[in-house]
Protein chains: 2
Amino acid sequence: MTMDVHARDLRYFVAVAEELHFTRAAERLYVSQPALSKQIRALERQLGAELFRRDRHGVALTGAGEALLPHARRVLAAWEAGAAAVEAAKAAERSTLVVGMSTSPGRGGLLPAIRSRFTAAHPETTVRLRQMSWDDPTAGLADGTVDVAFVWLPLPDEERYAWTVVAEEPRLLALPEAHPLAARPEIDFADLLDEPFLALPKSAGRLRDHWLALDARPGRPPRIGAEISGAEETYEALVAGLGVCLVAEGNAPLITRGGVTTRRVRGIGPSRYALAWRSEDGHRPLVRAYAQACRETV
Amino acid sequence: MTMDVHARDLRYFVAVAEELHFTRAAERLYVSQPALSKQIRALERQLGAELFRRDRHGVALTGAGEALLPHARRVLAAWEAGAAAVEAAKAAERSTLVVGMSTSPGRGGLLPAIRSRFTAAHPETTVRLRQMSWDDPTAGLADGTVDVAFVWLPLPDEERYAWTVVAEEPRLLALPEAHPLAARPEIDFADLLDEPFLALPKSAGRLRDHWLALDARPGRPPRIGAEISGAEETYEALVAGLGVCLVAEGNAPLITRGGVTTRRVRGIGPSRYALAWRSEDGHRPLVRAYAQACRETV
DNA sequence: CTCGGTGATAACCAACGGCTATGACCATGG
DNA sequence: CCATGGTCATAGCCGTTGGTTATCACCGAG
């Protein structure tokens, strides 16, 4: 049953306590004198105590007013500090660029190169890298976790995003070394139609379809061997023989370790890797600069 | 241009930050969920910063929210302390009785006797004595400085006050020992009509008239030798020969020092000394108890 | 005795803060 | 696969609040 208070009322109270004069306090506060009087009376009513004694000789603090004054100042100071903290947080946010990615972009020091180029142009800005789960095909753009992101096209809701393509790479087939098809140097996609595939989570939407090469399958739906949402998981699934999967050439090194290999595939198109951002952020200087640095690097 | 805030909004913010759940926070705060949502959004708009991130996975604090939270708690704590301080001041006031007087009541330890009797009945209460200037005939009752007061009747605005008579004393004439009239053991007031008198300040109103014995003067206005507003001042004015004045028998000792003496006067009535209080305070236990103690002592 | 200056009051009006009802979205389970 | 229950957001409504201007009652000073 604790009574709330408006900071404004405390400001008013402190002003009157300092001036000991309603009219002067009112003009210092840029309000009319009646408004000030009314608010002070309201505060007094709320507290159930007279704060000022008004008589012929002027305005004076009562005992209760005397008691309240230092606390009122403290409240105001605390709030000012709070507002300042929020302001600082906003500034920090403004000068921080969060870069999302699903797996490491790798590709021969691409990231450090962009970063150094970017930092040259914006030395005050700190760049934070953030690895996002595979079940978000936008790598954090969608929920605002991230300002820019390295993603695989296509994106869902394409009109909400803009991007610049970083690389166009053929899709290889990743499969266990022990797999019969691993004997061939190159594989026809038609031979894979009955093969169980590892798939991205449902939530990946169009991207899931892309890595299943849905457009290269005549009507028949793919068989799903397992769902994967990370590089380690993919490797383990491959070794376990749960299925095969397509993988971008640039990502091949991430999973071609003991027991897993990759082969070229005929009959499917390449994949495009891109740096993307939300369309509404297209004007933000940091976002533009990072995209610029990215284009210059590629 | 610092923005004010309502403590309620901070309470709401803290609740949501603790629950990370609008609906639960809302019911903890005994408001509807839309009201809570709206207030939080208003706070965010006011600060120009998102405080919470709402997405499918629930509600989470943003950087700005994280920054604000401790300050918000501080503000609330400071306000709570302030409200408590006011409460304490009220309690202190309730248990303090301020007794006003113009000059010391004296009269053979009257004050200590009342005090000890009163304190016996109300050991928790502290009694504060306050000497008031002579230009307020109510000794502080009028402007609320004082709860009860020893005053000389009559009071202005009689219906606003109640009192119990402490003493009824003849009025003596105080005059310099060197004054011709000082030779007589007793003086007729008729012989004083042309004598310059020391008078209370104008603001004393009816009381000023009383000590000039206006009702014993047939039409002719008194000559005013000087205005006095304290015992010392009166003594000095008498010694300086600025005039003579009436004084209650009980107060005679205050000014009959070297060079000043008093004489009985024929033709004027006595004065009544009383303990008075504001009529509206007639029900206050402390006031009643003090009046009671006073009556028992007299 | 008027006059300038005090704080309080009245009447009015826009904005705020609460409510209920409803919507959009998502996870869950028959 | 749809229905359901739960999330938070939105819409529309209404009493209260906080501001305004105009005015009053009061007092001290010239």
Side-chain angles (χ1 to χ4, degrees), chain A residues 3-13 15-17 19-46 50-62 65 135-136 142-144 156-157 160 201-205 221, chain B residues 3-13 15-17 19-46 50-62 65 135-136 142-144 156-157 160 201-205 227:
Chain A
M3 277 289 189
D4 282 324
V5 75
H6 198 117
R8 179 196 40 242
D9 293 352
L10 296 182
R11 254 190 328 117
Y12 287 6
F13 165 68
V16 175
E19 299 282 351
L20 291 178
H21 194 290
F22 278 75
T23 307
R24 267 201 300 280
E27 59 195 39
R28 202 180 91 182
L29 293 166
Y30 301 108
V31 295
S32 68
Q33 169 265 316
L36 178 58
S37 278
K38 190 153 74 162
Q39 287 309 100
I40 294 289
R41 294 212 93 88
L43 183 60
E44 290 179 324
R45 201 177 112 265
Q46 174 183 5
E50 254 193 329
L51 296 173
F52 297 101
R53 170 129 321 179
R54 301 95 152 149
D55 59 15
R56 16 228 134 277
H57 311 64
V59 177
L61 275 170
T62 63
D135 52 16
D136 176 9
D143 61 8
D157 267 340
R160 294 190 49 208
K202 283 273 185 63
S203 57
Chain B
M3 276 291 187
D4 283 325
V5 75
H6 198 118
R8 179 197 39 242
D9 294 352
L10 295 182
R11 252 189 329 117
Y12 287 6
F13 166 68
V16 175
E19 298 282 350
L20 291 179
H21 196 290
F22 278 75
T23 307
R24 267 199 301 280
E27 59 196 39
R28 202 179 90 181
L29 294 165
Y30 301 107
V31 295
S32 69
Q33 168 267 316
L36 178 58
S37 279
K38 190 152 75 163
Q39 288 308 100
I40 294 289
R41 295 211 92 87
L43 183 59
E44 290 178 322
R45 201 177 111 266
Q46 173 184 5
E50 255 194 327
L51 295 174
F52 297 102
R53 170 127 323 181
R54 302 92 153 149
D55 59 14
R56 16 229 133 278
H57 309 67
V59 176
L61 275 170
T62 64
D135 52 14
D136 177 8
D143 62 7
D157 267 341
R160 295 191 48 209
K202 282 272 187 60
S203 57
E227 292 203 344

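Note that the coordinates shown come from a computational prediction; the quantities given were computed from them, not determined experimentally. Below, read A as the first sequence line, B as the second, and so on, with proteins coming before strands; counting in each chain starts at 1.
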For this session: Would you sort out whether A/Leu29 and A/Glu19 count as a side-chain contact (heavy atoms from CB on, under 4.5 Å), showing the intermediate values?
Result: CA-CA 11 Å; A/Leu29 293 166; A/Glu19 299 282 351; over 6 Å; no
For this session: Return the value, rounded to whole Å, for the distance between atom CD of A/Gln33 and atom C1' of D/dA22.
Result: 12 Å
Exercise. Which of the following nucleotides, C/dT6, D/dT7, C/dG17, is nearest to the side chain of A/His21?
Worked result: C/dT6
Exercise. Out of C/dG17, D/dG19, D/dA11, which has the shortest distance to the side chain of B/Pro34?
Worked result: D/dA11
Exercise. Which is it for A/Tyr12 and A/Leu43 under the side-chain contact (heavy atoms from CB on, under 4.5 Å) test, yes or no, and what are the steps along the way?
Worked result: CA-CA 10 Å; A/Tyr12 287 6; A/Leu43 183 60; over 6 Å; no
For this session: Would you please test B/Arg8 and B/Val31 for side-chain contact (heavy atoms from CB on, under 4.5 Å) and show each step?
Result: CA-CA 12 Å; B/Arg8 179 197 39 242; B/Val31 295; over 6 Å; no
For this session: Give the nucleotide from the list D/dT10, C/dG18, D/dG19 with an atom nearest to the side chain of B/Arg41.
Result: D/dT10
Exercise. Touch check for B/Ser32, heavy atoms < 4.0 angstrom, all strands: base, sugar-phosphate only, or nothing?
Worked result: base
Exercise. A/Glu19 CD to C/dT6 P: how many Å, rounded?
Worked result: 12 Å
For this session: Would you please confirm or rule out a distance under 4.0 Å between OP1 or OP2 of D/dT17 and any side-chain N or O of A/Arg8?
Result: no
Exercise. Could you state the NE2-C1' distance from B/His6 to C/dC16, rounded to the nearest angstrom?
Worked result: 11 Å
For this session: Name the orientation class of the two ring planes belonging to B/Phe52 and B/Phe22 (parallel below 30°, tilted from 30 to 60°, perpendicular beyond 60°).
Result: perpendicular
Exercise. Between A/Arg54 and C/dT6, does any side-chain N or O lie under 4.0 Å from OP1 or OP2?
Worked result: no
For this session: Could you state the atom-to-atom distance from CG of A/Leu36 to P of C/dT9 in whole Å?
Result: 14 Å
Exercise. Is A/Tyr30 near enough to D/dT20 that one of its side-chain N or O atoms lies under 4.0 angstrom from OP1 or OP2?
Worked result: no
Exercise. Roughly, in whole Å, what's the span from CZ in A/Arg45 to C1' in C/dT9?
Worked result: 16 Å
Seminar exercise, completed: Whole-Å distance, B/Asp9 CG to C/dG18 P, equals 8 Å
Problem set entry | Whole angstrom value for the distance that separates C1' of D/dG18 from CD of A/Gln46 | 14 Å
Exercise. Would you say C/dG17 has OP1 or OP2 under 4.0 Å from some side-chain N or O of B/Gln39?
Worked result: yes
Exercise. Is it true that the side chains of A/Thr23 and A/Glu27 contain a donor and an acceptor less than 3.5 Å apart?
Worked result: no
Exercise. Looking for any heavy atom pair under 4.0 Å, which part of the strands does A/Tyr12 touch: base, sugar-phosphate only, or nothing?
Worked result: sugar-phosphate
Exercise. Between atom CG in A/Asp4 and atom P in D/dT16, what is the gap in whole Å?
Worked result: 19 Å
